[in-house]
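Structure, as structure tokens:
To find a chain, count down the sequence lines: A is the first, B the second, and so on, and within it residues start at 1. Just so it is clear, the model here is predicted, and its values are computed rather than measured.
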Protein chains: 4
Amino acid sequence: MHGARVRTPATRSVFGIDPPGQPAPPWTTREWFGIGDALQLADLRGKVVVLHAFQMLCPACVHHGLPQAQRIHATFAASGVAVIGLHTVFEHHTAMTPVSLQAFLHEYRIAFPVGVDAPSADASNPIPVTMQAYGMQGTPSLMLIDRNGHLRQHAFGALEDLALGAAIATLIAEGD
Amino acid sequence: MHGARVRTPATRSVFGIDPPGQPAPPWTTREWFGIGDALQLADLRGKVVVLHAFQMLCPACVHHGLPQAQRIHATFAASGVAVIGLHTVFEHHTAMTPVSLQAFLHEYRIAFPVGVDAPSADASNPIPVTMQAYGMQGTPSLMLIDRNGHLRQHAFGALEDLALGAAIATLIAEGD
Amino acid sequence: MHGARVRTPATRSVFGIDPPGQPAPPWTTREWFGIGDALQLADLRGKVVVLHAFQMLCPACVHHGLPQAQRIHATFAASGVAVIGLHTVFEHHTAMTPVSLQAFLHEYRIAFPVGVDAPSADASNPIPVTMQAYGMQGTPSLMLIDRNGHLRQHAFGALEDLALGAAIATLIAEGD
Amino acid sequence: MHGARVRTPATRSVFGIDPPGQPAPPWTTREWFGIGDALQLADLRGKVVVLHAFQMLCPACVHHGLPQAQRIHATFAASGVAVIGLHTVFEHHTAMTPVSLQAFLHEYRIAFPVGVDAPSADASNPIPVTMQAYGMQGTPSLMLIDRNGHLRQHAFGALEDLALGAAIATLIAEGD
């Protein structure tokens, strides 16, 4: 954190939440499971959005991130929160195809919509488009986006349920 | 829930939180551990209070309730939340004395203040005074009290971290 | 278990172990990971063999069976026990290809050899050949085979570590 | 392990089991719970004995050791194994009295007999008699004693179920 940026109290992080800054980048996806049509972030304006980026063969996603995303969906769906999965394949591309993902989602009873992040147009870049746009470091990653479409938390790795529940509730309590 | 009580939107429970009603009863305690002086609920006005009622030989308290209370203390102490333990002995009174409790709190590294609920003045009633005043059904019980001293959640048994974190954050977000 | 079969004390099961009966069926596999050449059961004569049948998209395998097989490998490899994985795909065949399996084994750091059960010659039968030969009911399944190649335990679903450790040690203690 | 002791292959440890050496020391206890009369080690000749030494306010005993002892009892009682608890209080003596222990055993549903280790005759020594005789380092400690009364494993701290199940089964398989 070099430089002369002044941090005022208004920018203080609460339960990992940042103050509103830039709008969250739009999503670029190839196909969706668990929902009829493609879903855009803009379609969810007015809802708090929990974006869970994962790979189906990532052990930390399977053992920790996805079960947590399922719990978030079960706990907060009635409170205007949309949990969205994003399959951000950046390795083993031939192993984690949409055909394999579909069976995975069925076997793990994933209850929220999952989109497939679009492959990079640059064949030499294994990182898919939305993952690049958000600057994600790996999987699992979790993004909290407020009702106005601003990215408020960007986390990589395991998160504690207590603090995460608090962060989501704080965004809910902000109102529109 | 029989009868004619009309439920208006204002009474809707969010993450288990009730709307403000009556003030939470004061505490009647015999002694305290982890703090110099006796602590009254009134001393904590302005803070969100998490009151965790337990017995040191209650397996559900030891395996679930107290570790959760420790996590709440670690996560929310910096946000103006006071976690308070209350040793509400209603059985095995000769087994769970203050001497035994003191060793228990030391061995389990309990980091928040713990008060001993005062025995009932009626020798035939095994339920201690504060436990009676709150109408607790057993241990573990968890009470959330808002900054103005109103009881907002009364739960008996195991609670999920996600919803509990959300409930605490909602009370924090209410302000004074 | 109808019929006139007489059970003598000699057939009594100990920790789920059956007395020696018929030789375990040979394996029919397509390819192997984690080992140079194809492995036959006959190659392991003289060793106690733990055969763990799984599918890479079976949640109970990923959450319980495979971690247990890894623990068995770590605990018993020095005592002449061979842990062998068998990928018995009987559903979602296009989702669980050898290419996907290879990435799965890499990501989950599977430390023992894994063979791919050969598809049924009968295109209308989704059950692979070795799975049929053993009469397995599903995944995860665990087979214990003694030093002489006899099938001594056939279990479907979750097993407790204590009893399983006892069963394996009992076969080790039998000697040749 | 200084000195000139030569270790021959016969002394090799298997799953933590030592070869037979000296007889295990007798027990010196004050009272018993879960059984009518005082129990001596000599009374159990012919059985494999699992001696679990614990303190009721020791977190590692409550969270790990005692649940494991309960599982051992459930898994091996039918195979001639006697699980015995020993309350070896070496700290907080006034907090862990027999009255408190009795309530603890009731609340945690301990299903095997538990003896209270006799206090040291030397008032300046907090270590009880049997704990001294076995040279235990702390709690939880687990001792495996074979059918002939020889101490075969002496472990301090957490043990894995797989290896422990294997050790017990190895002693069972030895016969008399």
Side-chain angles (χ1 to χ4, degrees), chain B residues 30-34 52-71 73-74 85 87-112 114 116-117 119 126-128 131 137-141 156-158, chain D residues 30-34 52-71 73-74 85 87-112 114 116-117 119 126-128 131 137-141 156-158:
Chain B
R30 200 163 56 173
E31 62 193 297
W32 284 82
F33 298 101
H52 178 67
F54 71 101
Q55 295 181 109
M56 59 174 279
L57 296 184
C58 149
C61 302
V62 170
H63 288 304
H64 182 84
L66 282 163
Q68 185 175 60
Q70 296 266 66
R71 290 195 299 274
H73 179 68
H87 198 226
T88 52
V89 179
F90 62 90
E91 58 185 346
H92 306 301
H93 293 79
T94 57
M96 294 188 272
T97 62
V99 166
S100 291
L101 175 64
Q102 186 168 29
F104 173 87
L105 298 174
H106 173 79
E107 289 300 316
Y108 281 82
R109 312 279 186 264
I110 301 299
F112 47 81
V114 173
V116 177
D117 197 0
I127 313 291
M131 194 177 187
Q137 304 169 65
T139 54
S141 283
F156 171 50
Chain D
R30 198 162 57 172
E31 61 192 297
W32 285 81
F33 296 101
H52 177 66
F54 72 101
Q55 294 182 110
M56 58 173 281
L57 297 184
C58 149
C61 302
V62 170
H63 288 304
H64 182 82
L66 281 164
Q68 186 176 60
Q70 296 265 64
R71 290 195 299 274
H73 179 69
H87 198 226
T88 53
V89 179
F90 63 91
E91 58 185 346
H92 306 303
H93 293 79
T94 56
M96 294 189 272
T97 61
V99 166
S100 291
L101 175 63
Q102 185 168 29
F104 173 87
L105 298 174
H106 173 78
E107 289 300 315
Y108 281 82
R109 312 278 185 267
I110 302 299
F112 47 81
V114 173
V116 177
D117 197 359
I127 314 290
M131 193 178 187
Q137 305 168 63
T139 53
S141 284
F156 171 50

- Task: Looking only at non-hydrogen atoms, find the nearest pair between B:Met56 and D:Leu57 and report the distance.
- Result: CE-CD2, 3.5 Å

- Query: What part of B:Gln102 lies closer than 4.5 angstrom to a heavy atom of chain D: side chain, backbone, both or neither?
  - Reply: neither

- Message: Show the nearest heavy-atom pair for residues B:Pro59 and D:Glu107, with the distance to one decimal.
- Response: CG-O, 3.3 Å

- Message: Let's test your reading of the structure: which of D:Leu101, D:Val62, D:Thr97 forms the most heavy-atom pairs below 4.5 Å with chain B?
- Response: D:Val62

- Under 4.5 Å to a heavy atom of chain D? For B:Thr94 that would be both

- For B:Ala95 and D:Ser100, work out which heavy atoms get closest and say how close. O-OG, 2.7 Å

- What part of B:His63 lies closer than 4.5 angstrom to a heavy atom of chain D: side chain, backbone, both or neither? both

